[in-house]
Amino acid sequence: MIDVAIAGGGPVGMLLAAELALQGVRPVVFERLAVPSGESKAGTLHARTAQSLDRRGLLDLVGRSSRGSVSFHFSGMFGLDLGAVAGEGPSIVGSPQAWAEQVFARRAAELGAEIRRGQEVTGLVQHDDHVLLTVGGRELAARYMVGADGARSAVRDAAGIPFTGTGARVAALSGDVRLLDPYGVPPGYNRTPRGWVLAWVNPAGHSRITTYDFGAPHADRQAPVSLAELRESAERILGVPVPMADPVSLSRYGDAALQAENYRAGRVLLAGDAAHVHFPWGGQGLNTGLEDAMNLGWKLAAVVGGQTPDSLLDTYHAERHPVAARVLWNVRAQTALANPDPAVDPLRELFAELMGLDQVNEYLGGMISGVDTVYCVGAPGAGWMLPDVALKTSDGPVRLVELLRAGRPLLLDLAGRDDLVAEAAGWRDRVEVVRATAELDVDAVLVRPDGYVAWIPNRSSYPLREALERWFGP
């Protein structure tokens, strides 16, 4: 029997497989495509994702990091400075989705995950102690099943999990094309009274052209896109000729904002686009999915390994569902602000002025980059990601991110708290105890494998033992 079956071998499914394998679980990934498509619909990793990947030693592998001041947009208005909110590490990382997927796949395979390409999960039936899944007409048993198989998730449908929200009202087209007059197309984000054209112009090769038509959603979301359709849409919105040729990866989509009502149904869980979809303002979708994987991986591994009760998986939904709901909320707001009707212009002008205020920049930048994510973990003062700090130990200096590379939880004793070390003795097979000094204003801190703080002393009467049992079993 398979311990964990993962449907979908995109970046989210592959990172989840790597996280499970790091914990000693051997997942099996079922990916519909026989070979990777090489297409990259997303290419931006935000600060919180970068911080998470750094804690696994993957940050330098996935792309090019930009540090310090980085200009970014909200609804196409470039007034945010992500460097002002990033804290540690990069402000943003340029990482084509296809490349990140391969980095995660290689790491997963190195750690023992099995990747079966050209095999698609088309159905499942849940039983008390396993899930029977259908793959290529065969039935296979798995203890747990994770659907990371995209917006049209067969796993979500088979598990009977409702996917609800708001339908599409915007018709978007996108494709990589060779512009015959590249200098005649205005680069970047272009808003006119007729819609939007986003142009990433490459005079020497293929340029990505995306159009947003606010008139009505696509009549047929599944209809193939022609080069003529993309060209006509771009020319109508810009009001100038946009000659193009040699199309690659033409696609159509809309601004539907949908979310699974529950990320868990028995032994079936959802992650990434199978759990939440929205318009691609700010590149938040991929980042939200990768953080799903980081949150779920160690929890599912602990349950499969018998260290913790099955109820630990309920915290996955409790922590991640509100995060994605907040993303859908800010994306809807960005779409409303993007309306090309000239009547919206004063609102955009006012909003652009507000973005110049430090508090507004911090609020919006923290939201887009994910660095404002704080989980409700049941312990007062906890739930935030512990920043990377330099630690001085008896074995020499070490950084926090290096201690988290193995994916083990940490109890950091920073003030000679022999009482806490003794209290944690029963968990030494699962929790790494490190005695050190550091520039942190706490005596000790319990850190989960995903880098988030599970407990801090002196904030309440909430005992360390209770936190250890809650997250890492009796």
Side-chain angles (χ1 to χ4, degrees), residues 1-37 101 104-105 108-109 111-163 258-277 289-290 292-293 295-306 310-314 316-317 320-321:
M1 180 183 296
I2 299 169
D3 281 334
V4 178
I6 301 172
V12 174
M14 291 302 187
L15 181 59
L16 177 61
E19 284 293 288
L20 289 166
L22 181 65
Q23 302 288 346
V25 174
R26 290 197 61 187
V28 177
V29 179
F30 296 95
E31 166 53 41
R32 176 179 58 86
L33 298 178
V35 295
S37 68
E101 176 186 311
F104 302 148
L111 293 171
E114 183 179 352
I115 301 171
R116 302 183 185 179
R117 298 190 181 275
Q119 299 188 35
E120 181 179 10
V121 176
T122 56
L124 62 87
V125 177
Q126 287 207 61
H127 298 273
D128 291 339
D129 60 351
H130 70 280
V131 180
L132 199 63
L133 50 143
T134 303
V135 182
R138 298 182 299 130
E139 290 187 335
L140 300 170
R143 294 177 63 187
Y144 288 90
M145 177 84 230
V146 180
D149 50 342
R152 298 178 184 83
S153 171
V155 171
R156 185 188 63 234
D157 291 346
I161 300 175
F163 202 44
L258 306 170
Q259 187 174 22
E261 292 187 3
N262 204 306
Y263 286 11
R264 181 191 181 197
R267 291 178 174 269
V268 177
L269 300 110
L270 303 175
D273 287 355
H276 42 77
V277 295
L290 295 177
D292 291 345
N295 187 287
L296 176 59
W298 67 273
K299 296 175 180 178
L300 185 52
V303 172
V304 170
D310 183 78
S311 58
L312 179 64
L313 296 178
D314 293 333
Y316 169 61
H317 170 85
R320 294 303 301 167
H321 191 276

Taking atom CZ of R143 as the centre, report whether more than 12 heavy atoms of other residues, nucleotides or ligands fall under 6.0 Å from it. yes
Quick check on side-chain contact (heavy atoms from CB on, under 4.5 Å): which of I115, I6, L140 does F30 satisfy it with? L140
Within the structure provided, determine whether F104 and V12 are in side-chain contact (heavy-atom separation under 4.5 Å). no
Say whether, by atom type as modelled, one donor and one acceptor occur between the side chain of Q23 and the main chain of G305 under 3.5 angstrom. no
When every non-hydrogen atom of A108 is compared with those of A21, the smallest separation belongs to O-CB, 4.2 Å
Quick one, D314 and R264 - any side-chain contact, counting heavy atoms below 4.5 Å? yes
Which atom names give the shortest non-hydrogen contact between A154 and D149, and what distance separates them? N-OD2, 3.0 Å
To the closest 0.5 Å, what do you measure between CZ (R32) and CD (Q119)? 13.5 Å
Please check if the side chain of E19 supplies one atom and the backbone of G297 the other of a donor-acceptor pair under 3.5 Å. no
Name the orientation class of the two ring planes belonging to H317 and Y263 (parallel below 30°, tilted from 30 to 60°, perpendicular beyond 60°). perpendicular
What distance do N295 atom CG and L290 atom CG have between them, rounded to the nearest 0.5 Å? 12.5 Å
Name the residue from D273, L270, V268 that meets the side-chain contact (heavy atoms from CB on, under 4.5 Å) definition with R156. L270
Between atom CG of L132 and atom CE of M1, what is the distance when rounded to the nearest 0.5 Å? 9.0 Å
List the steps and the verdict of side chain to side chain contact (heavy atoms under 4.5 Å, CB included) for D292 and Y316. CA-CA 8 Å; D292 291 345; Y316 169 61; 3.5 Å; yes
Chi angles and distances behind the side chain to side chain contact (heavy atoms under 4.5 Å, CB included) call for V121, M145: CA-CA 10 Å; V121 176; M145 177 84 230; 4.2 Å; yes
Check whether any side-chain heavy atom of D3 sits under 4.5 Å from a side-chain heavy atom of V28, and report yes or no. no
Measure the CZ-CG distance between R267 and L313 for me, rounded to the nearest 0.5 Å. 9.5 Å
Quick check for you: to the nearest 0.5 Å, what is the distance between L269 atom CG and K299 atom NZ? 10.5 Å
